[in-house]
Protein chains: 2
Amino acid sequence: MSHYLALTGGVGGAKLALGLTRVLPPEELTLVVNTGDDFEHLGLHIAPDIDTLTYTLSGLANAELGWGRGDESWNCLDTLGQLGGETWFQLGDRDLALHLRRTALLRAGHTLTEVTAVLSQQLGIEPRILPMSDDPVRTIVHSNQGRLSFQHYFVREQCKPRVEQIEFEGAATARPAPGLLEAIASCDAIIICPSNPFLSVDPVLSVPGVRQALLDTPAPVVAVSPIVGGTAVKGPTAKIMHELNLATMADEIANHYGELIDLFVLDELDKFLDGQLPVQTLVAQTVMRTLEDREQLARVVLAAVGRPPDPQ
Amino acid sequence: MSHYLALTGGVGGAKLALGLTRVLPPEELTLVVNTGDDFEHLGLHIAPDIDTLTYTLSGLANAELGWGRGDESWNCLDTLGQLGGETWFQLGDRDLALHLRRTALLRAGHTLTEVTAVLSQQLGIEPRILPMSDDPVRTIVHSNQGRLSFQHYFVREQCKPRVEQIEFEGAATARPAPGLLEAIASCDAIIICPSNPFLSVDPVLSVPGVRQALLDTPAPVVAVSPIVGGTAVKGPTAKIMHELNLATMADEIANHYGELIDLFVLDELDKFLDGQLPVQTLVAQTVMRTLEDREQLARVVLAAVGRPPDPQ
């Protein structure tokens, strides 16, 4: 049996992840998810990237908002505001149930890996979702407004502070999720989804052993560029690159991953970079507007790493 | 300035408490509330009697259900059920906000007394609500089905197990809420509301110092019978009395409070007991169906302890 690993953050990465789940048998896919965005809020363990992926794969995602669940109500949050509680992080009534359940299971002594497996099964998701680590790694943004935890930077301050440095607190002592290093070593290919390299993929790479396992594995590592035509498809990637004095071009992403990757997927808009990078490149339609776009990109990436096309 | 203390549990007691708030200036009333029913559920600190009182006094109570808030939705609970979570304790979406906020404030290091003051102020409640203790006291029901925490007995098992003994875990080392003993010593009267004596008032009396303060205070202590015409107005009081081999008659309640009380308020239905008890008795309409009933009983009780009637 073939086995593919996809490394992903939230929205952008989850699009390709969804495509992969639709073209691969579930047992052939493991989705490795950034937990650097996780935080404790109102006493709840919130895991934004796992949630986005979970809701995307279960068809529950709120397409309009781009986060949270569809068919949502906000009665708890409204009341919390009336009681003087914090409302900058918007938690819908149905979404809350997931955080309550996860938190209760974690407090009962289960690991995040175990809890994620239980909850994704409850939501009917078949491929394995693996948090990068069961230990806390927290993305901290050092900015012109000081040291901000990721959600404070991303949601409360709406990415407005100027990023100076990004820290992954706890990474030095975190252990990779059970089976992660073995999966990297033995899989058929690793796909780095078009998530923010600095905020969503680097935390995964910061977990001790992960970077080395990617360098050591005989499997090809392919990254899909989140930068298309000089700007980010989604989120603050371009803004952060600018603040870190990087040109907001796809080649900077390839440079950032460097020797980790064997193949870099460029959008058609960036075709002019094809063959110009120190890494092998492939040009594809990477902007995923429709479900068909997601499936098509998944097929192109899988074909590039040698998976024979499914009989149609 | 006069000052009155009312000891209360949930629904039954909260009716008289509401009456008292409507006939007394807010600064003249302190409501001392049972916290023996409190429990941790889904990681939240839930204080059912404080909540019932808070919702009753703020006009938010769900009149139809008899617990929780009116204008409620159940989206979180429904989703929690779908995720395999516990749903036997019904938490509405708006109600959840109160528990989230309380829990967050407690985790931030505030005492239950402080948190209750903040939250009742947010809800526009003027009289002081004082939890009996900031330390955990937990009512445990020893039953033919074993040892049950109060909410498991009361809600999950719907009071079906046969009560053998009632324990107030933690009571031996709990400290009365700040100012409680002083208030008992210096107030003009103490009113024991028609709550369950065994499950709602005894926990308050179990807090070290409270019983002695009631015995020592020069202020009159008046109890309103929760048993009318040989049965309980509300809840499992009669069933429990039967299981504890007590006759389900109002005089057994007076005997239970014994030397603690100076006056016992009987319902008109129990008029035949008037003058037959070792404590002074007063006959009144104690079944409170309407808001006017609540106010009227409050006036009768206050007059009995010597408060001059308001000029009408």
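Each chain gets a letter, A, B and so on, in the order the sequences are listed, and its residues count up from 1. Given the structure is predicted, the values throughout are model-derived calculations rather than measurements.
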Engineer: Do B/T79 and A/R69 have side chains that get closer than 4.5 Å, going by heavy atoms?
Structural biologist: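 Contact flag for B/T79/A/R69 side chains = yes.
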Engineer: Can you tell me if A/Q121 has over 12 outside heavy atoms packed within less than 6.0 Å of its CD?
Structural biologist: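 Result for CD/A/Q121: open.
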Engineer: Can any side-chain N or O of A/R101 pair as donor or acceptor with the backbone N or O of B/L80 at less than 3.5 Å?
Structural biologist: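 Not at all, since once roles are kept as given, no pair shorter than 3.5 Å links the two residues.
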Engineer: Pick from B/C76, B/G92, B/G81, B/S73: which one has the most heavy-atom pairs with chain A under 4.5 Å?
Structural biologist: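 With the most close heavy-atom pairs to chain A, the winner is B/C76.
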Engineer: Just so I understand: if I count every heavy-atom pair under 4.5 Å between each of B/L100, B/L77, B/L42 and chain A, which residue has the most?
Structural biologist: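 The residue among B/L100, B/L77, B/L42 with the greatest pair count is B/L100.
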Engineer: Is the count of non-hydrogen atoms from other residues, nucleotides or ligands lying under 6.0 Å from B/R156 atom CZ greater than 12?
Structural biologist: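 Check passes, neighbour count above 12.
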Engineer: What part of B/R107 gets closer than 4.5 Å to chain A, counting heavy atoms only: side chain, backbone, both or neither?
Structural biologist: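 The side chain, not the backbone.
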Engineer: Could you grab the distance from atom CG of B/D93 to atom CG of A/L96, nearest 0.5 Å is fine?
Structural biologist: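 It comes to 8.0 Å.
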Engineer: Heavy-atom pairs under 4.5 Å with chain B - which of A/G84, A/G43, A/A104 has more of them than the others?
Structural biologist: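 Result: the option with the highest number of such pairs is A/G84.
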Engineer: Name the region of A/L98, side chain, backbone, both or neither, that has any atom closer than 4.5 Å to a heavy atom of chain B.
Structural biologist: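 The answer is both parts of A/L98.
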Engineer: By a 4.5 Å heavy-atom criterion (distance strictly below it), what part of B/L44 contacts chain A: side chain, backbone, both, or neither?
Structural biologist: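 The answer is the side chain of B/L44.
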Engineer: Working to the nearest 0.5 Å, report the span between CG of B/L83 and CD of A/Q122.
Structural biologist: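 If we round to the nearest 0.5 Å, B/L83:CG and A/Q122:CD are 6.0 Å apart.
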Engineer: Can you tell which part of A/L123 gets under 4.5 Å to a heavy atom of chain B, answering side chain, backbone, both or neither?
Structural biologist: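 For A/L123, the contact with chain B is made by the side chain alone.
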